[in-house]
Amino acid sequence: MRAVVLALTVALVVPEFALDKTYVYKYEALLLGGLPHEGLARAGIKVSSKVLLSAMTEHTFLMKLMDPLLHEYAGIWPKDPFVPATKLTSALAAQLQIPIKFEYANGVVGKVFAPAGVSPTVMNLHRGILNILQLNLKKTQNIYELQEAGVQGVCRTHYVINEDPKANHIIVTKSKDLSHCQEKIIKDIGLAYTERCAECTERVKSLIETATYNYIMKPAAAGVLIAEATVEEVHQFSPLNEIHGAAMMEAKQTLAFVEIEKTPVVPIKADYLARGSLQYEFATEILQTPIQLMKLSDAPAQIIEVLKHLVANNVAMVHDDAPLKFVQLIQLLRVATLENIEAIWAQFKDKPVYRRWLLDALPAVGTPVIVKLLKEKFLAGEFTIPEFIQALVVALQMVTADLETIQLTASLALHEKIATIPALREVVMLGYGSMIAKHCVAVPTCPAELLGPIHEIAAEAISKNDIPEITLALKVLGNAGHPASLKPIMKLLPGLRTAATSLPLRIQVDAILALRNIAKKEPKLVQPVALQLVLDRALHPEVRMVACIVLFETKPSVALISSLAGALKLETNMHVASFAYSHIKSLTRITAPDMAAVAGAANVAIKLMSRKLDRLSFRFSRALQLDFYYTPLMVGAAGSAYMINDAATILPRAVVAKARAYLAGAAADVLEIGVRTEGLQEALLQSPAADESVDRITKIKRTLRALANWKALPTNQPLASAYIKLFGQEVAFVNVDKTVIEEAIPIVTGPKPRELLKAALKALQEGIALQYAKPLLMAEVRRILPTAIGVPMELSLYTAAVAVASVNVQATITPPLPEEIETMTLEQLKKTDVQLQAEARPSIALQTFAVMGVNTALIQAAVMARGTIRTITPGKVAARADILKGNYKMEALPVEVPEHIADVSFETLAVVRNIEEPTAERITPADYSVKFEQTHTMDLIVIILNFSFQSSEIPDQAALRSATPFHKTLCLAVPYIEIKGCIEVHSHNAAFIRDDPLFYIIGQHSQSVVLALAEGPAVERLELEVQVGPRAAERLLKQISLIDEETPEGKAFLLKLREILETEDKNVRVSSESSSSSSRIISSSSSSSMSSSRMTEVRMWDLLILSITLFCLQYMAPHGASKAVSSGSTASSFEKIQKQAMFLGNAVPPVFAVIARAVRVDHKLLGYQLAAYFDKQNARVQLVVSSIAENDNLKICADGAVLSKHKVTARVAWGPECQQYAVIAKAEAGVLGEFPAARLEVEWERLPIIVTTYAKKLSKHIPMAAFKAGFRLERVSNADKEIELTAALPSQRSLNIIEKGNYKITTNNPNDCLLPGFSFSSFPKTSPPI
């Protein structure tokens, strides 16, 4: 027998089933999802049955299931048992026991046949069994690898064949790497615009899939017999960069031989139709959301029922389950027919509330039926243009991009009615490009013919020199991103032996930007084109800089970036040099994994470029990129900003900002906004304002005159343009030209705005009661893939939100406004008294679901993370404007507040439900700590022992304590208004099992925000009142007075205040010395550090020094002092004015008063009042803010005066009677030598300790900042407690700054700081007065 086994090992024959026999096997399949740790919840299903195999012909067989039984599971693994799904088994028993036919030759399963009564889901269960029989055995090799077809597609499979002579059988082991398949059976939804970040998952792949098949074969008369086969398949998913913190779907199959029977399997009397091959067939799970299971009986009736529920329960306040109900409405609409939806639309289109809900739900359905419906209803005139645009933008992004939908979109774009509405045609055309992009993601071999209509439109537009049409065609090609569009686009690129140089600059820029999506797919094709454009000095600088953006989006190699850096050494255009240098430098700081190679290349290239480019000012073009990436969580964000100028720039030519996000091994360009001002630039440059010989004031006047004279602007080009991209797809753009302005002016100034104003005022007086609801499906991201047992597993993320606002507004106008508002005179308006009351209750409910598990139309079993957010923020205000009396008042009134104004919760669950009992779902919390708290003492010991054997680390007491819930309440009372806000936090997780991020997430977490009345008298309302004019003094609630230092009372008050302040200073010094002494005891080095830091302590105004390091400074020329002009002592002049009247309120009434207070039931005054006084004779203004509380003398006093046309002085003091702290600021303008100059001087008498504390901390960073900028700072004494800054303009492109205060700024070599285009003069060592 050993010889026979050895012969079979060398020349193994395939399994055979004799024609006159029926082979009986016992079959069991299990599919479970959850974390691979005992004690946590899992969800899954189990199928058990007898399998009968019988041969009809040599290569045609029948398979029948006998006594099938389905089980479901949602519990703590492995403690809880499987539960039989009796009703579901009974409902499917007849269908499951229908025999199916299949072709089988040489161990390979061919075509599969079944009657029409066998559903795709049941058919896939049969495929799972047939998949075990798939054996590609070679006669000459024992170890080999091939691509083998199976349920999941054609995947890499490794065979190992061994013998077991003692047991007289052969062992065949095959393993499948499901991550490497020639043809992968997978369905992605919502991932078309994302990019796979392979570098993000180098350490731990987000999704690892593998399967192992073990066969025991025994010799038989006709060949070999499969005695036993076991299958183990694992799908491991981790959204985090953590090898141990991964969720897992585990499939197991067992097929064991029982006996051979003589009774053959007989097919049923029905036509056996071809049902494909062994590969999985997608059924209704594509239309089925994994978060709820509905039994469809009457789809139209169910849609109406859900729609009415949403309308009725989301009026004054959002309902808790509104987001889930909205998803349910979308799900029902997906399975409805076009006729069903048309009937529902006809029923509710004339009911505004129902109409809005349908218009929000229909675009999110994402089926071709919806696009067809939207087209038909718009052409029939049942949609307004704004409604249609809003619905179409969403629908084209959500719909499945197949050939049928693409053709439907193309027909819509070419329709004559659409063509007459430019904005609508642009939306459809851009959506057509996006549809092609999505289709090519699903079908990588998508034909170039799909872009044929766009290429024809572009060619025709070029021949006619139709600039708007060329622009639109380029944007569509840019959205599509198909490599076949490269040649048509290159015809419009300048400098590539084309006639594009004759086209407008904006067309050239749009052509380059259209390469961006192509560059992501085929970077090697775009790189040489982009590099050639960047280096071509004959091109416009803007073209070269835009090409630079495209070049770096191709992720160039170190050689390419170094070549660019070398070429830029000889660059003569400083804008291009600045842009490229700043772009390369910003890339050196990028931390995102997918840009790591580019960052390394940029670090090499930056060393080849001149460091002087680093000191170019922001008036040159620049690129900036910032990012953040947290590797353990695999999350990150990146931002890019590009500002393009040129030598003749008045405004930036272009500004582009982009945001990028990283999550779970994927990346996406979330948002991009771009603005260009090319036409406006040229119009301004052609105006007299561009004359360089005139002064700045004249330039500004001429610029304003040119803008006001807009009718003279050119009509053949846009003045400005803007676009917006979502997920890399341009969804809208706008060009502003003279025609747009001409059309907009009549709309704004015509009769329609007046009619709208009249209608609004009339409605306000009658009262407005508005309820508005806005639902939104924010995210639907799904990946569906088959498992070995023929049941699909799904990874999905859903987020839905509903916002509801209830608004009531009532206005009273006395006397009533005239019928013709335009006839109203100013005198009538002054006599008007307007009262307004408004109450609003905005509320938002958001639900998000992350699901991993089984999702079919018959059964769902999954582990789920569910998060909810609900907020309610009611408010009620009353306002009054008495224009005649100059009184304006606003009141915040009490309003009924719910118990919780905000609730946030997150929980992880295991859930199972089946279609026969959809409401009887079984839910188990995924966190074991819930069970852990209820465990008996003996069970606790068992748990500890269990963990001890499983892990080398025995959990300590702290780990065990972490299983207990965390609960904390934090409260804060708001003074004066007597309101207490509390945050309640409750959390428990599974981190006691393993200290990994994912285990901290698993569990139940909740936060609530509660507002309640604090202890004390209730507040009736909050008031803000403004009184203008002579009655301002009457409205003040507390008389304002200031202490006069010259009176005996004033001197006594100041003496007492000085004693208090000296005591405070002494306490602070003692505390500081005590801290320093303690530091010396701990470490002598820290004492040295304390002493060193004391030498660099400065006051808060040293913050101004930080800005000086951004410029290269020298000392002012000695000859400048002789030509300085001065108009006298600023301080003495101001003091003289102040001595005339220390408090203006004693001489003049307040100009206006502002009172902010809380009105309480005990009538106690709480709040503040502000009074403003104006001394016209001395051009002096005084503001006094004081507390209206009875025994509170806290005041803030601001006193300022204009001493001359070129000098202004202000003093701000605060504290008791404005005597505790004070700061004086003086500003003046004039000439310094020959140059115009300005000076700012700040003095302080005393500052709060908190200000000086933070100023000292900030000052520690100033020396390092100065050192990096090439300066040397020396500490100098500042006994005068003042800082003085003087800025002079030697020329229009240079700026000299002098700082007199805490530091002396020096530089050894002035030329080291020389910036291109800037000049410097020598500064004197002292600062003369202006």
Side-chain angles (χ1 to χ4, degrees), residues 31 33-34 41-45 72-74 121 187-191 237 239 247 249 283-296 299 302-303 305-306 309-310 318-335 361 364-367 398 775-785 791-802 845-870 904-915 917-926 1001-1002 1004:
L31 182 60
R42 294 194 190 185
I45 62 172
E72 56 187 30
Y73 188 88
T121 301
K187 182 71 69 174
D188 285 337
I189 299 171
L191 293 170
F237 173 73
M249 287 293 293
T284 56
E285 60 267 20
I286 298 174
L287 304 176
Q288 173 75 39
T289 63
I291 58 179
Q292 54 190 344
L293 186 63
M294 292 183 295
K295 191 168 187 177
L296 297 175
Q302 290 174 287
I303 291 172
E305 180 186 352
V306 175
H309 178 279
L310 287 168
V318 69
H319 197 271
D320 289 347
D321 68 349
L324 191 60
K325 281 290 183 181
F326 182 64
V327 174
Q328 186 176 344
L329 177 63
I330 293 172
Q331 181 177 339
L332 289 168
L333 287 169
R334 284 176 177 169
V335 298
V365 173
T367 59
M398 295 289 293
L776 180 64
L777 181 62
M778 302 174 66
E780 184 181 19
V781 179
R782 305 172 66 187
R783 169 163 288 181
I784 308 170
L785 56 160
V791 175
M793 67 161 284
E794 178 170 336
L795 298 165
S796 58
L797 174 67
Y798 278 82
T799 301
V802 177
L846 181 145
Q847 291 182 322
T848 186
F849 304 87
V851 183
M852 180 179 187
V854 176
N855 176 32
T856 69
L858 302 176
I859 190 169
Q860 291 179 341
V863 286
M864 176 189 301
R866 180 172 62 192
T868 62
I869 299 175
R870 190 170 186 268
V904 180
S905 65
F906 179 87
E907 59 182 341
T908 47
L909 311 164
V911 58
V912 63
R913 56 179 81 93
N914 67 70
I915 196 63
E917 302 171 288
T919 59
E921 60 183 11
R922 298 174 59 245
I923 298 177
T924 303
I1001 297 173
I1002 293 173
Q1004 294 182 352

Can you tell if the side chain of [X] reaches within under 4.5 Å of the side chain of [Y], non-hydrogen atoms only?
{"X": "L909", "Y": "T924", "value": "no"}
{"X": "L797", "Y": "F849", "value": "no"}
{"X": "I286", "Y": "I189", "value": "yes"}
{"X": "R922", "Y": "V911", "value": "no"}
{"X": "R866", "Y": "F906", "value": "no"}
{"X": "E907", "Y": "P925", "value": "no"}

Contact summary for [X] and [Y], nearest pair of heavy atoms:
{"X": "Q302", "Y": "K295", "result": "NE2-O, 3.1 Å"}
{"X": "P323", "Y": "A800", "result": "CB-O, 3.5 Å"}
{"X": "A361", "Y": "L329", "result": "CB-CD2, 3.8 Å"}
{"X": "M249", "Y": "G33", "result": "SD-CA, 3.2 Å"}
{"X": "A801", "Y": "M778", "result": "CB-SD, 3.8 Å"}
{"X": "V912", "Y": "A74", "result": "CG1-CB, 3.5 Å"}

If you round to the nearest 0.5 Å, how far is [atom2] of [Y] from [atom1] of [X]?
{"X": "K187", "Y": "R783", "atom1": "NZ", "atom2": "CZ", "value": "12.5 Å"}
{"X": "L324", "Y": "H319", "atom1": "CG", "atom2": "NE2", "value": "11.5 Å"}
{"X": "K325", "Y": "L332", "atom1": "NZ", "atom2": "CG", "value": "9.0 Å"}
{"X": "L293", "Y": "N855", "atom1": "CG", "atom2": "CG", "value": "8.0 Å"}
{"X": "I303", "Y": "I330", "atom1": "CD1", "atom2": "CD1", "value": "11.5 Å"}
{"X": "Q331", "Y": "L287", "atom1": "CD", "atom2": "CG", "value": "8.5 Å"}

Side-chain donor-acceptor pair under 3.5 Å between S905 and T868, yes or no? yes
Flag for N914-E72: side-chain donor and acceptor within less than 3.5 Å: yes
Can you check whether Y798's main-chain N or O pairs, donor with acceptor, with T848's side chain at less than 3.5 Å? yes
Check against side chain to side chain contact (heavy atoms under 4.5 Å, CB included), T856 and T284: CA-CA 7 Å; T856 69; T284 56; over 6 Å; no
State which residue, out of V802, T799, V318, fulfils the side chain to side chain contact (heavy atoms under 4.5 Å, CB included) condition with L846. T799
Tell me whether R334 is salt-bridged to E285, with the criterion being a basic N under 4.0 Å from an acidic carboxylate O. no
Residues E794, R782: salt bridge by 4.0 Å N-O rule: yes
Q288 and Q860: CA distance, side-chain angles, deciding distance, side chain to side chain contact (heavy atoms under 4.5 Å, CB included) verdict: CA-CA 10 Å; Q288 173 75 39; Q860 291 179 341; 3.2 Å; yes
Go through it in stages, so that I can follow the logic: the residues are L777 and F326, the test is side chain to side chain contact (heavy atoms under 4.5 Å, CB included), and I'd like the CA-CA distance, side-chain angles, deciding distance and then a yes or no. CA-CA 8 Å; L777 181 62; F326 182 64; 4.3 Å; yes
Begin with the C-alpha distance, continue with both residues' side-chain angles, and end with the deciding distance and a verdict on side chain to side chain contact (heavy atoms under 4.5 Å, CB included) for T289 and V327. CA-CA 8 Å; T289 63; V327 174; 4.1 Å; yes
